[in-house]
Peer 1: 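Here it is, the structure, as structure tokens.
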Amino acid sequence: MDNLFDRVSEDIKTAMKAKDKVALETLRNIKKVFLEAKTAPGANDTLPDDVALKLVQKLAKQGKDAAAIYVEQGRQDLADAELAQVKVMENYLPRQMSAEELEAALKEIIAQVGAEGPKDMGKVMGVATKQLAGLAEGRAISAKVKELLG
């Protein structure tokens, strides 16, 4: 498989042919962010997939956050537009863990670090955020850790 940058470039062509406005706009936005990262000082015109993935995750999170604000403001139309773009971005991200998978993984980490209560939250979060990066949102991880240690 090509790297993420090439995949997005190819998918832009596909979206143009399919006249898929949402995908096209989203992919062009992703590519713009990728190009900015590639040309940033010290990047040497390269974009490793792990860095590209983090960029897409950040964009998806921003989209979800914006959608939540739009919903609060009673603008479901704008929220739907944001979420449609997030859906396109999620094609490039690893599948998110289910609540059950997250809980099982966190119980394992809690046992691994020997956490016994809320005071050990930092220890657990340090390991969890590294091990589960890209598989679950930070917010979901910390809420579940709080619940399990509480």
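Residue numbers count from 1 along this sequence. Being a predicted model, the structure only gives us computed values, none of them experimental. No hydrogens, no waters, no symmetry mates; every other heavy atom, side chains included, goes into these values.
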Peer 1: Does the distance from a Lys or Arg side-chain N to an Asp or Glu carboxylate O, for Glu90 and Arg95, drop under 4.0 Å?
Peer 2: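 The answer is no: the pair does not qualify as a salt bridge.
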Peer 1: Run the numbers on Tyr92 and Leu53 for side chain to side chain contact (heavy atoms under 4.5 Å, CB included), then give the verdict.
Peer 2: CA-CA 7 Å; Tyr92 301 93; Leu53 258 179; 5.5 Å; no
Peer 1: Take a 6.0 Å sphere around CD of Glu108 and say whether it holds more than 12 heavy atoms from other residues, nucleotides or ligands.
Peer 2: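 At most 12 heavy atoms, drawn from other residues, nucleotides or ligands, come within 6.0 Å of this atom.
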Peer 1: Nearest 0.5 Å, please: how far is CD1 in Ile110 from NZ in Lys144?
Peer 2: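 Taking NZ in Lys144 and CD1 in Ile110, the distance rounds to 10.0 Å.
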Peer 1: Report the C-alpha distance between Leu35 and Phe5 in whole Å, list the side-chain angles of each, state the deciding distance to 0.1 Å, and finish with yes or no for side chain to side chain contact (heavy atoms under 4.5 Å, CB included).
Peer 2: CA-CA 9 Å; Leu35 286 169; Phe5 183 85; 3.6 Å; yes
Peer 1: Is Lys21 salt-bridged to Glu25, cutoff N-O under 4.0 Å?
Peer 2: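 A salt bridge is absent here (no side-chain N lies under 4.0 Å from a carboxylate O).
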Peer 1: Could you tell me if the side chain of Met125 sits less than 4.5 Å from the side chain of Lys130, heavy atoms only?
Peer 2: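 Sidechains of Met125 and Lys130: no contact.
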Peer 1: Is there a path of hydrophobic side-chain contacts, each under 4.5 Å between heavy atoms of I, L, V, M, F, W or Y residues, that connects Leu83 with Leu78?
Peer 2: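 Hydrophobic grouping puts Leu83 apart from Leu78.
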Peer 1: Is it true that a side-chain atom of Asp120 and a backbone atom of Glu116 form a donor plus acceptor pair closer than 3.5 Å?
Peer 2: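 Looks like yes, one N/O pair under 3.5 Å.
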Peer 1: Are Ile30 and Leu55 linked, directly or through other ILVMFWY residues, by side chains that come within less than 4.5 angstrom of each other?
Peer 2: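 Hydrophobic grouping puts Ile30 with Leu55.
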Peer 1: Any side-chain heavy-atom pair from Ser9 and Lys31 closer than 4.5 angstrom?
Peer 2: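 Contact flag for Ser9/Lys31 side chains = yes.
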Peer 1: Return the minimal non-hydrogen interatomic distance between Val88 and Ala23, and the atom names on each side.
Peer 2: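 Nearest pair, atom of Val88 first, then Ala23: CG2-CA, 4.0 Å.
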Peer 1: Is the shortest heavy-atom distance from the side chain of Thr46 to the side chain of Lys38 under 4.5 Å?
Peer 2: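 The answer is no, as the side chains (C-beta and beyond) never meet within the 4.5 Å cut-off.
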Peer 1: Please find the pair of heavy atoms, one from Ala105 and one from Met97, that lie closest to each other, and give the distance.
Peer 2: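 Looking at all heavy atoms of both residues, the closest pair is CB-CE, 3.8 Å.
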Peer 1: After noting the C-alpha distance and the side-chain angles of Gln112 and Gln131, does the key distance pass the side chain to side chain contact (heavy atoms under 4.5 Å, CB included) rule?
Peer 2: CA-CA 12 Å; Gln112 189 184 318; Gln131 278 188 19; 3.5 Å; yes
Peer 1: When rounded to the nearest 0.5 angstrom, what distance separates CG in Leu24 from NZ in Lys13?
Peer 2: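 Here the rounded value is 13.0 Å.
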Peer 1: Indicate the atoms forming the closest heavy-atom contact of Ala60 with Val86, along with that distance.
Peer 2: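 What the structure gives for the nearest pair is O-CG2, 3.6 Å.
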Peer 1: Apply side chain to side chain contact (heavy atoms under 4.5 Å, CB included) to Met16 and Arg28, showing your working.
Peer 2: CA-CA 11 Å; Met16 285 168 91; Arg28 282 185 171 152; 3.7 Å; yes
Peer 1: Between Ala37 and Ala43, what is the shortest heavy-atom contact and its length?
Peer 2: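 What the structure gives for the nearest pair is O-CB, 3.2 Å.
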Peer 1: Do Asn3 side-chain atoms and Asp49 backbone N/O form a donor-acceptor pair below 3.5 Å?
Peer 2: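 Here the side-chain-to-backbone pair does not exist.
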Peer 1: Would a 4.5 Å heavy-atom cut-off, applied to side chains only, mark Leu132 and Leu102 as touching?
Peer 2: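 They are in side-chain contact.
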Peer 1: Closest heavy-atom contact between Val22 and Thr26?
Peer 2: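 What the structure gives for the nearest pair is O-OG1, 2.7 Å.
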Peer 1: Please enumerate all residues that pass side chain to side chain donor-acceptor pair (under 3.5 Å) together with Lys61, with sequence neighbours excluded.
Peer 2: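 Partners of Lys61 by the side chain to side chain donor-acceptor pair (under 3.5 Å) criterion, ordered by chain and then number, come out as Asp65.
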Peer 1: Is there a side chain to side chain donor-acceptor pair (under 3.5 Å) between Gln76 and Asp80? Walk through the geometry before answering.
Peer 2: CA-CA 6 Å; Gln76 192 61 48; Asp80 291 345; 2.8 Å; yes
Peer 1: Using links of under 4.5 Å between side-chain heavy atoms of ILVMFWY residues, direct or through other members, which residues join Ile69 in one cluster?
Peer 2: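 Its cluster mates, by chain and number: none.
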Peer 1: Could you tell me the separation between the CG atom of Leu27 and the CE atom of Met89, rounded to the nearest 0.5 Å?
Peer 2: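 Output value for this atom pair is 9.0 Å.
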Peer 1: Are the side chains of Lys64 and Glu82 in contact, using a 4.5 Å heavy-atom criterion?
Peer 2: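 When only atoms from C-beta onward are counted, Lys64 and Glu82 do not touch, as no gap falls below 4.5 Å.
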Peer 1: Could you grab the distance from atom OH of Tyr70 to atom CG of Asp77, nearest 0.5 Å is fine?
Peer 2: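 So the gap between those two atoms works out to 9.5 Å.
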Peer 1: Any chance you could measure Arg7, atom CZ, to Ile12, atom CD1, to the nearest 0.5 Å?
Peer 2: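 The CD1 atom of Ile12 is 12.5 Å from CZ of Arg7, to the nearest 0.5 Å.
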Peer 1: Verify, without hydrogens or angle tests, whether Glu101 (side chain) and Ser98 (backbone) share a donor-acceptor contact under 3.5 angstrom.
Peer 2: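 Yes.
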Peer 1: Within the structure provided, determine whether Val56 and Val33 are in side-chain contact (heavy-atom separation under 4.5 Å).
Peer 2: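 They are not in contact (no side-chain heavy atoms under 4.5 Å apart), so the answer is no.
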Peer 1: How close do Leu106 and Ala128 get, heavy atom to heavy atom, and via which atoms?
Peer 2: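 For Leu106 versus Ala128, the nearest heavy atoms are CD2-CB, 3.6 Å.
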Peer 1: In Å and rounded to the nearest 0.5 Å, what is the CG to NZ distance from Leu59 to Lys32?
Peer 2: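 Answer rounded to 0.5 Å: 9.0 Å.
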